2 protein chains.
Amino acid sequence: MSCETDTVKVLRTTGHKATPQRLMILGALRHGSGHLTAAEIFGEVQAEYPYVDISTVYRTLGVLKELRLVSETDMGTGDTTYEWVQQQERHHHLICRNCDEVTSLDHQYLEDLGAEIMAESGFKPDLDHFAIFGLCAKCRLEAEQN
Amino acid sequence: MSCETDTVKVLRTTGHKATPQRLMILGALRHGSGHLTAAEIFGEVQAEYPYVDISTVYRTLGVLKELRLVSETDMGTGDTTYEWVQQQERHHHLICRNCDEVTSLDHQYLEDLGAEIMAESGFKPDLDHFAIFGLCAKCRLEAEQN
DNA sequence: CATGTAGTTGCAACCAATTGCAATTATCAT
DNA sequence: ATGATAATTGCAATTGGTTGCAACTACATG
């Protein structure tokens with residue numbers, strides 16, 4: 001039942017190893033709330049054990065992403081963030097390219113899109129966690145005035 | 001009618017300057033076919049005039065992206081590519097995260113999604129040129145076997 | 001056409017992320 | 001338990017992209 005042993009199992013059955021470094025990174029992801037940058041994860045891991053390299057963090061995040069245990073999102077702020085998939089509600093972000101306001105988007109829209117694409121082409125898109133850029137209502141109206 | 005003078009006009013009216021460096025970068029984008037990396041653009045510009053800095057290329061691409069004259073796409077290969085918006089057909093890419101196969105996606109799917117989001121929330125998403133990751137039909141079937 | 005000013009450039013330093021490699025280690029099969 | 005082996009690690013070097021800054025320049029305005 002512990003998510004930890006579950007994750008370890010997933011790692012092993014996919015030919016990966018459950019190393020101490022990875023367990024620390026997993027811990028940071030699981031206990032950190034929401035979006036974490038690689039640097040934040042690195043910091044937390046280092047507090048526990050200082051001899052871990054940042055490249056190990058990135059490589060581990062790469063593996064976890066591949067296994068779809070974490071999601072990676074570029075919120076357009078310059079840093080990429082990572083989130084533990086199990087604990088997140090399915091959600092998406094609408095980010096205004098003018099005022100940077102971030103609002104949420106119901107998952108249903110993308111669920112439908114995914115189903116359509118899958119039905120037509122057989123391709124199964126990963127649509128768990130999208131960042132969609134555009135113009136929010138306010139900025140759009142302002143832009144249309146000119 | 002010349003796209004060049006049109007673009008210059010857009011730059012000026014938005015408070016930007018039409019510098020020689022920018023015109024060279026615009027030329028590279030307009031004459032290069034399809035997706036170009038920043039390095040490719042830099043190379044072409046340097047061939048014409050060697051004293052242009054790579055940071056100028058990135059900054060110019062940033063401005064053009066903001067003005068929506070070029071689109072930026074991360075195809076998951078590690079390098080970001082840029083494309084002159086005027087000349088491209090609206091298209092999207094389905095990229096298999098397993099075998100890296102790239103197929104095209106009809107724009108209509110995203111058009112519909114965009115219209116829905118806009119109708120419901122007032123947010124107008126930029127959906128000109130998307131890279132959607134997932135599993136292609138072949139890899140999905142293989143994965144389901146196990 | 002002269003001029004003030006805001007936008008831009010090149011440079012160098014910097015930051016985030018990736019990669020090659022030799023040493024190490026978790027895991028599987030015995 | 002032991003040993004073989006493939007995955008992983010830390011390190012150092014590298015790549016792709018960004019930023020602060022002083023010098024410069026396009027261009028709107030008069």
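Computed from a predicted model, the values in this text were never measured in an experiment. Just so it is clear: chains get the letters A, B, ... in the order the sequence lines come, proteins before strands, and each one is counted from 1.
Rounded to an integer number of Å, the gap from Y58(B) OH to dC11(C) C1' is 17 Å. Atom pair L23(A):CG and dA7(D):P shows a separation of 19 Å (rounding to whole Å applied). Across the protein-nucleic acid pair, R22(B) atom CZ and dG10(C) atom C1' stand 14 Å apart, rounded to whole Å. Rounded to whole angstrom, the span from the CG atom of L67(B) across to the C1' atom of dT8(C) amounts to 15 Å. Summarising the geometry, the separation between CD on E72(A) and C1' on dT18(C) is reported as 13 Å, rounded to the nearest angstrom.
Residue Q21(B) places at least one side-chain N or O under 4.0 Å from the OP1 or OP2 atom of dG10(C).
The stretch residues 37-54 of chain B does not touch DNA chain D, since none of its heavy atoms comes less than 4.0 Å from the strand.
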Considering only nitrogen or oxygen atoms on both sides, find all protein atoms under 3.5 Å from nucleotides 20-24 of chain C and state each distance.
from	atom 1	to	atom 2	distance (Å)
dG20(C)	O6	R59(A)	NH1	3.4

Using atom names, set out every protein N or O paired with an N or O of nucleotides 26-30 of chain C below 3.5 Å, distance rounded to 0.1 Å.
from	atom 1	to	atom 2	distance (Å)
dA26(C)	N3	K17(A)	NZ	3.2
dT27(C)	OP1	R12(A)	NE	2.4
dT27(C)	OP1	R12(A)	NH2	2.8
dT27(C)	OP1	A18(A)	N	3.0
dT27(C)	OP2	R12(A)	NH2	2.9
dT27(C)	O5'	R12(A)	NE	3.4

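Of all heavy-atom pairs between L69(A) and W84(A), the closest is O-CE3, 3.5 Å. Contact between S121(B) and L94(A) at its shortest, heavy atoms only, is OG-CD1, 4.2 Å. Of all heavy-atom pairs spanning C96(A) and C99(A), the tightest one is SG-N, 3.3 Å.
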Per-pair distances, 0.1 Å, donor-acceptor, side chain in residues 17-27 of chain B, under 3.5 Å, sequence neighbours excluded:
from	atom 1	to	atom 2	distance (Å)
T19(B)	OG1	R22(B)	N	3.2
R22(B)	NH1	K17(B)	O	2.8

Let me have the donor-acceptor pairs involving side chains of residues 40-54 of chain A, under 3.5 Å, with sequence neighbours excluded, atom names and distances please.
from	atom 1	to	atom 2	distance (Å)
E40(A)	OE1	T37(A)	N	2.9
D53(A)	OD2	S55(A)	N	2.9
D53(A)	OD2	S55(A)	OG	2.7

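Rounding to the nearest 0.5 angstrom, the gap separating the CD atom in E72(A) from the OG1 atom in T81(A) is 8.5 Å.
Between L113(A) and Y109(B) the shortest side-chain heavy-atom distance falls below 4.5 Å.
Proximity of a side-chain donor or acceptor of H93(A) to a complementary backbone N or O of S104(A) within less than 3.5 Å is not detected.
Y58(B) and Y82(B) have their aromatic ring centers separated by at least 6.0 angstrom.
Here salt bridge (Lys or Arg N to Asp or Glu O under 4.0 Å) pairs that include residues 110-124 of chain A, with residues two or more places apart or in two chains, are R90(A)-E111(A).
A side-chain N or O of H91(A) and one of H129(A) form a donor-acceptor pair less than 3.5 Å apart.
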